[in-house]
Amino acid sequence: MTYTLAGTVDETMASTSDMLIIAMIVTYAAALFLFAIEAAYGKRTNLRAGKLMPVTVGSGKDAGAAGSGDDDLDIDVNVRTTEGEAQASQSNLGRVALGVTTLGFVMGVAQIVTRGLAAGRWPWGNMFEFIVALCLVAVGGLLYASFRYQARFLGAFVLVPVLLLLGIGVKWLYVDPGPLIPALHSYWVPIHVTATIIAGGAFMVSGVAGVTYLVSHRAEARRALGQKVAGIAGRLPSPELLDRISHRFILFAFPLWTFGIIAGSIWADEAWGRFWGWDPKEVWSFISWVIYAAYLHARATGGWRGPKATWINVLGFLTILFNFFAVNYMFSGLHSYA
Amino acid sequence: MSTTTTTDDDTGSGAGPGDGTGAGDREGGQPRGLGPLGWLRWAWRVLTSMRTALILLFLLAVGAIPGSILPQNVVSVDEVNTYVRENPELAPWLDRFYLFDVFSSPWYAAIYLLLFVSLAGCVFPRAVVHARAVRARPVHTPRNLGRMPYAATFTTGADPETVLGQARKVLKGYRIERYGDSLSSETGYLREAGNVLFHLALLGLLLALAAGSFFGYRGNMLLVEGDGFANTLPSYDAIYPGHWTDTDALEPFTLHLDDFEASFIEDGNLRGQAESYVAELIYKESPEAEEARHTLEVNHPLTVDGVQVYLLGHGYAPEFEVRNADGEVVFDQAVPFLFRETATFTSDGVVKVPDTGGEELGFVGVFLPSAAETPEGDLVSDFPGAENPRVTLEGYRGDLGMLDPQSVYQLQTSGMEELGSSPVLGIGDSWDLPDGAGSITFTGYSEYISLQTNRDGARVPALAAASLAVLGLVTTLFVRPRRVWVRATRGADGRTRVELSGLGKTEAAGNNAEFHELTTELAGRLRNDESDDNPRNPRSSTPSDPPESTTTRE
C-alpha cells in the first residue's frame, strides 16, 4: 500500500479564486439593485422587435431606415395576433445593470478557471463548485436572453436566486480546492456534470421567467377586472412574451438534461456496475425529467396551457433544487458528495 | 387516478386496462346507450388522451418519491434491514405496499405500463397518419389567403408565371404543389417524425430494460490478495439472477487478484479521503484460454466474455495463525474484516477455527489500520491506511454451531465459553489462550476487494434507444412545421397581384418573421427581374425587419 501527499494546490490561484467570488457577488448585488430600479421606476415602452416578439410590427420606422431599398417594395402585411406590442419597463440604468452583470459574469468565469488551476482538475467536483457553475450558467442565460430577446427585464428576477444560491454556497458549502474522491476520476465529469450544470442553469432562468409570467398573468387578469396594478408587477412585459422566453429555455435545457442523464448512466455503468440503480440522485433526476416532460405535454394540451403549465415548470425547478440540496444531505446514496 | 371527461363520477377509475374486460358488468354507472364495445372505445379514448398521459406522468413522478426517501432493496438490502430493525411497527406496513421495492412493485408497474399503453395508443395512430401525410401532396390553396395568421400582398410588373417560378426558388426546402394560379407548400415534416421516433424509442428503452432484467444477473463477492475466483454459482457471496437466467451455465472465466493498492490523502483537512484504488487482476476467459492482465479501477471495469467486473470497495483481511493445545498449527489464513466506516477503516471480523483436534475455537476481532490513543486512553484508528495495524480479540471455546448455515461475519456464542480478551496485538504478536487452550498470532494482513459481476444484455440496446430518443426529442422540439401559399393573379391594371400567406402549425413566434422574410425576398427578386436589363444594382437580397403594418386583433 502506498500513500501520497495531498495533490498540490496552487495557493495563489486558490486565493485569487476566493477573492473573485466575493467580488462577483458584490457585482451581482449592484446589478440587481440597478435592475430593480429599472423594473420599478423605468418607463414602460416598446421593446425592439425580436425573435420572440409577437411579430410585428417592427418598432419605429425601421423599414425605411433599413436602407436596403425595401421601402419601395410597398408590401401590405396583415398579421393576426391577440397580443399588443411587447413592452417592458425600461431605463438607461438597465443598460448599466447589464454591463455590470457582464462584468460579474467575466469574474465568474475567471473564478472558475482559477479554481480549476488551483486544484489542477475540472472545477466542478463538489457542491460548492457545482452551485457556482450553475449560477454562472444562469447569468449567462440572462445575458443571452437580454441580447437576443431584449429580455433585460428578467435581470432583477434571475439575480435574486443567483445571489441566494451563491450566498448559500459561500457560507455553507465552501470547501478549499483539492483533489477528488476516486469515483470522480473520470472523463465523464466534464461530460455528465457539465451537461447537468448547463441544463440546470437554463431550467433556473426558465423557472424564474415562469414565476415572472405568473405575476404578470395575475396583473393582467386584475387589470382586466378594472383594478389598478401598482409597482413592478404592473410594469412587467406581457405574459405571452414571458411564457415564450420560459418555454424557449426549456426547449434548450430539456434535451440537454436528457443527455446528461444518459451520460450519467453510461458513467454509472462504468463506475458502479449498472447504468441505472435507483440511487436517490437518479430517482430525482428522473422525477425532474418526468415533470419537464409533463410541462411540454401540458403546453400541447387544451385547458393546461398558461398558468397551469407554468406551475409545472416552476415545480420542475424546485425538484432540481431538491435534488441538489436535499438528496445530497438527507439521503445516503452513491451521489452523496456533501 | 381520476378523469373528468364524463358525467358519472364513479367511472373515474375506468382508465385502467381491467375496465375493458369488466366493462360488461358495470351496469350501474354506465351512461345510457353505451354497450360493451362503446365502453371499450371510451376507455381506450380516455387512456390514450393527453390528459390521462399527463396524470400518469405525475403519478410516475410522485410514485418515485418514496423510492428515494425509504431505503430500497434494489439499492441496498442492508439499509432496508437496518430500517426494518429500527422501525418494527411501521416497516411491515410499508412492506405491504412494496415501499421497499417501489420500482419493482405492482402499483408502480401499473403506472408505467398504463403510461406506455397510453403512449403506444397515441403514438402508433399518429405514426400511421404521419406516414400518410409524408406521402401526400400539400393541401389545396385556400380561397381566402387574407385570413391566414400572416398575409402579405404586393403588386409587381412580372407576369404570374414568373412570380410563381421565383416563388419556387424562394421556398427552398418546402414541398411545393401547383394548384391553378397558386402554389401550396409545406415544410417541417420532421417534427412529427421526431415526435414519433422519441416515443417509440422510449418504448424500445422499456423493452430493453425488461429483457435485460429477465436474462441477466448480478453477483457480489470478496477477493483477498493472492486468491482466485471462478465464475460459478457457489463462488458468489450473493447473486441476483433474472427470471430466465440459466445459473448453471455462467460464463466460465476465472480471476486472480495479484495486488491491490489504495492511496489516501495524508495532509490537510482532506486527510483520510481516498485518492485512488487500483487492483491488478489476472484473468482467463475460460480454463483453456490465455492468461491476461487488467488494471481494475473504480471507473475502469473489466469486460470478460460479455460480463462486466467492477471494483466496488475494499477492506483489510488480517492474517492469523492458530495453534492448538499441542502447539500444532491448525489455522493459518487471512480473514476478511468488514469496515465500520471509510474514514478510519476500523474493521470487525470473526475467526472460526473448527478443527483444533480438541474444542472448537472462535474469536471476535477488531482491526485498527492506524491505531492511536485518544487523550482518554481509548485505542482508535485515525487513518484509513495501514500505518500502525493493531488487532484486539475476544476468544471463545466450545461449539461453533457450524452444522447450521451461518454468516462468516458472526459468531454464535450461545454454545461457547468465553476465554477473555487479548492484549493489543501488533504484527507478530501472539496471545496465549488461558487454560493452555492454544495460541493465536497476528501474522500480518492482506487487503481484499469487493467485486461485482454484471451481465446485462440491455446495456447496448438501452443506450441505442436512449440516443434515438434524444435525437427524436431535439428534432421535434426544434423543427417548425409550416405552410406557405403564394397566389399570383393579373389585375385589371395589367399588374400582377401577389399574395403570400403563412400558417405555422406550432405556436413558434418566429414563424411570422420568417414568412415576412420570404415575402421580401420574393418581392426583391421580382424587382430584380424587372430591372434585369439594367445592370446597375446587384442588390443584396437580405430582408429587412418587417415593415409597419396593420395589426388586427382576433
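All values derive from a computational prediction rather than experimental measurement.
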Please classify the contact between [X] and chain B as side chain, backbone, both or neither, with a heavy-atom cut-off of under 4.5 Å.
X: A/I266; answer: side chain
X: A/F286; answer: side chain
X: A/W284; answer: side chain
X: A/L256; answer: neither
X: A/W304; answer: side chain

Do you know which two heavy atoms are closest between [X] and [Y], and how far apart they sit?
X: A/V283; Y: B/S68; result: CG1-CB, 3.8 Å
X: B/S467; Y: A/I262; result: N-CD1, 4.4 Å
X: A/I75; Y: B/A523; result: CD1-CB, 4.1 Å
X: A/V290; Y: B/A61; result: CG1-CB, 4.0 Å

If we define contacts as heavy-atom pairs under 4.5 Å, which of [options] has the most with chain A?
options: B/V309, B/V474, B/I65; answer: B/I65
options: B/A53, B/A462, B/G63, B/A466; answer: B/A466
options: B/Q72, B/R147, B/H300; answer: B/R147
options: B/A151, B/G67, B/G502, B/A152; answer: B/A151

Hey, what do you get for [atom1] ([X]) to [atom2] ([Y]), rounding to the nearest 0.5 Å?
X: A/D269; Y: B/L463; atom1: CG; atom2: CG; result: 9.0 Å
X: B/L57; Y: A/I291; atom1: CG; atom2: CD1; result: 9.0 Å
X: A/T301; Y: B/L54; atom1: OG1; atom2: CG; result: 4.5 Å
X: A/D76; Y: B/F154; atom1: CG; atom2: CZ; result: 11.5 Å
X: A/E270; Y: B/Q308; atom1: CD; atom2: CD; result: 10.0 Å

Among B/L471, B/T475, B/L473, side-chain contact (heavy atoms from CB on, under 4.5 Å) partner for A/P255
B/L473
Heavy-atom distance under 4.5 Å between the side chains of B/L60 and A/W289, does that happen here?
no
Do A/V77 and B/Y150 have side chains that approach each other closer than 4.5 Å (heavy atoms only, starting at C-beta)?
yes
Among all residues two or more places apart in sequence or in another chain, which pass the side chain to side chain contact (heavy atoms under 4.5 Å, CB included) test with A/A202?
A/F249, A/F252, A/A253
Heavy-atom cut-off 4.5 Å, strictly under: side chain, backbone, both or neither for [X] against chain A?
X: B/L500; value: neither
X: B/F478; value: side chain
X: B/A469; value: neither

Pick whichever of A/T258, A/I250, A/L251 has the most heavy-atom pairs under 4.5 Å with chain B.
A/L251
Pair count under 4.5 Å, heavy atoms only, with chain B: among A/G277, A/A293, A/A298, A/G303, highest is A/A298
State which residues pass salt bridge (charged side-chain N to carboxylate O under 4.0 Å, His left out) with B/E225; sequence neighbours excluded, sorted by chain then number.
none
Do other residues, nucleotides or ligands put more than 12 heavy atoms under 6.0 Å from A/W188 CH2?
yes
